[in-house]
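Report on the following structure.
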Amino acid sequence: MGKNWIDATGCLRWGPQNPTGVPRVEMKVAAAAIEQPDFGLAYLDRTRGVYRPCGVEDLDYLKALVAMLDSPEAVADLDFYWRHRASIIKNFEAETGRNLAALLIGNKKRRGVGYSLVKLGVRTVVNGAKLYYRMTGRLLFVGKESAKLENGSALLVSHIVDRRDVCARAIAQQQLKTRYLVHDIIPLVQPASHPSRMITSFDRWLRRAAAEKAKLICVSNGTARDLEQWFRDKVGIDYSRQIHACPLTGVGLPVAGDTQPVKAIGDDRFVLYVSTFNPRKNHDFLVEVWDQLIAERGAESTPLLVLIGRDKPYKTFQAALAAHPTAAAKIINLGSVSNETLRWAYKTCLFAVFPSQAEGWGLGVTEALRFGKPVIHTDTPQLNEASQGLMPALANRDHKSWTARTGAWIGDRAAIKPYRDAAERFEEAQDGGFANRVLSVLRTP
C-alpha cells in the first residue's frame with residue numbers, strides 16, 4: 001500500500017492562533033500523522049493549483065504549531081514568524097497579517113492608522129513574494145518548490161479547502177483518492193438557518209465526494225446517521241459503506257496545565273458557555289434566560305454568565321443585550337482566550353451551559369465534563385453523544401425548562417449534586433484516541 005497523505009493546509013493557514021473547533025481537530029490528526037512512517041503531510045498550493053508534499057520548512061512549521069497546541073511556554077513572537085517565513089508566506093491568511101502587524105508595532109488592540117499602515121505593508125510584501133513565485137516557480141527564502149503529489153495518491157482533504165474550486169481542480173488533475181472529515185452537515189439538515197450559498201456549497205461538495213467514491217469520516221455517530229439519511233433522500237443512493245464514525249473524544253483542552261485568572265471576574269460566581277459566536281449557538285437565548293433568572297432571583301443572587309469563543313457577536317445576540325440591559329450587566333464576553341485562561345474558566349465555573357441548536361459533536365460539552373463540571377445542553381443526538389447521556393438535555397430554546405434547570409442548579413446544591421458526581425465519573429477515550437481512529441480508517445483499502 002502506498003503512503004497516505006494528510007492535507008495540512010488548514011493547520012498551516014491557521015498558524016499559531018489558539019486553535020478551537022475544526023482547527024484543533026485537524027491539528028490533532030496532523031500531529032498523529034507526523035509520527036507515522038506510512039503517512040505524509042501535504043498542502044494545497046493555491047498559486048499553482050496542485051497538491052504538494054510538505055517540504056522541510058513546512059514540516060518544521062507544523063511541528064512548531066503542534067508543540068504550541070497545549071504548551072504555554074511556546075510563543076509566536078516575531079522571531080517565530082521569521083524562522084518559519086517561507087511556509088507562512090505560502091499559506092498566508094488575513095489573520096496572519098493582523099497578528100504580524102500587531103507584533104511589529106506593539107499594538108495589541110489592533111487599532112489606529114499606524115497599525116493599518118503596517119498591516120498593509122505586510123500584505124504587500126507577501127503578495128510580492130507570491131507574484132514572484134507565480135512568475136518564476138521559485139519561492140523567496142527556499143528556492144524551487146517541491147514536486148506535486150503523485151497521481152492517484154490517497155489524501156484526507158482539509159475542511160478549510162474541501163469545498164473550494166481550486167481544491168476540486170487539483171483533485172481532478174492529480175486523480176487523487178479522496179477522503180473527507182465531515183464535521184457536520186448542519187446547513188443541509190437545517191437549511192432555514194443558513195444562507196443559500198452555504199447550502200449549495202455543502203450539497204455540491206457531498207455530491208462531488210460521492211462521484212469521487214470518497215471515504216467520509218464523521219466526528220460523531222449522529223452526524224454519520226444524518227449523512228447516510230441525506231444520501232438516501234437527496235441522492236438516492238446507499239452510501240453507508242463509505243461513511244465511518246470516529247467520535248471526537250480526547251481532542252479538547254487538557255485538564256493539566258497552567259491557569260490564568262481573569263481580573264474582571266475576580267471572585268464572582270459564574271456559569272460558563274464556550275462556543276464560537278454564531279446564531280445557531282443561541283447566545284441571545286441565554287440573555288433571555290438570564291433576564292428571567294434575575295427577575296425571579298434578583299441580580300445579587302444570579303451569577304455572572306461568562307462567554308468564551310472566537311468571532312464577533314452576531315446581530316441577534318447584540319440586539320438581545322440591548323433589549324435586556326439588566327441581564328447584559330451580568331454577562332461578560334471574554335472572546336477568544338488563551339489555553340491558560342480557558343483552563344481557569346472551566347476549573348472555576350459553577351457549571352457550564354451549551355444551548356446550541358445543532359452541532360457536529362459539541363466540544364464544549366466534553367471539555368466541561370473532563371474538568372468535572374456538569375453541563376446543561378440542548379437535546380440533540382450529537383450533544384447527547386458528547387455527554388454520554390449523563391447530563392440534562394433540554395428542548396431547543398425552551399425558556400421555561402432552561403430557566404428552571406439553570407435556576408435549580410444555581411440555588412440548590414442537592415439538585416446539582418448527582419450531575420456533579422456524574423461529571424466526576426466521566427471517562428473519555430485516551431487522548432489521541434480520535435486521531436488514531438481516523439488514521440486507522442485511512443489505512444483500510
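Just so we're clear, the structure is a prediction, and the values are computed from it rather than from any experiment. The first residue in the sequence is number 1, and the count goes up from there.
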| query | Would Trp205 and Tyr180 count as a ring-ring contact (aromatic ring centres under 6.0 Å, His included) if you check the C-alpha gap in whole Å, the side-chain angles of each, and the deciding distance to 0.1 Å? | reply | CA-CA 10 Å; Trp205 166 51; Tyr180 297 96; 5.8 Å; yes
| said: Let's go through Glu359 and Arg280 carefully: what are the C-alpha distance in whole Å and the side-chain angles of both, what is the deciding distance for salt bridge (Lys or Arg N to Asp or Glu O under 4.0 Å) to 0.1 Å, and is it a yes or a no? | reply: CA-CA 9 Å; Glu359 292 292 321; Arg280 69 177 167 86; 3.1 Å; yes
| query | Can you list the steps and then say if Val251 with Val219 is a side-chain contact (heavy atoms from CB on, under 4.5 Å)? | reply | CA-CA 11 Å; Val251 171; Val219 300; over 6 Å; no
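No salt bridge links Glu95 with Arg13; every basic N to acidic carboxylate O contact stays at or beyond 4.0 Å. Using a 4.0 Å cut-off between charged nitrogen and carboxylate oxygen, Arg443 and Asp38 count as a salt-bridge pair. Classification of Asp421 and Arg425 as a salt-bridged pair fails, no side-chain N sitting under 4.0 Å from a carboxylate O.
Residue pairs meeting the side chain to side chain donor-acceptor pair (under 3.5 Å) criterion with at least one member in residues 390-399, sequence neighbours excluded, are Asn282-Asn396, Asn282-Arg397, Asp284-Arg397, Glu288-His399, Asp398-Ser401.
There is no side-chain donor-acceptor pair under 3.5 Å between Asp184 and Gln382. Residues Asn91 and Arg46 bring no donor and acceptor atom of their side chains to less than 3.5 Å of each other.
In this structure, Thr378 contributes its side chain and Gln357 its backbone to no donor-acceptor pair below 3.5 Å. With hydrogens and angles disregarded, no donor-acceptor distance shorter than 3.5 Å links the side chain of Gln242 to the backbone of Leu216. In this structure, the side chain of Arg269 does not engage the main chain of Leu350 through any donor-acceptor pair within 3.5 Å.
Remark: Arg163 is positioned above the aromatic ring of Phe202, its terminal NZ or CZ atom under 6.0 angstrom from the ring centre and at most 45 degrees off the axis.
Of the listed residues (Leu363, Leu342, Thr366), just one forms a side chain to side chain contact (heavy atoms under 4.5 Å, CB included) with Leu253, and that residue is Leu342.
A heavy-atom distance below 4.5 Å is not found between the side chains of Ser220 and Leu248.
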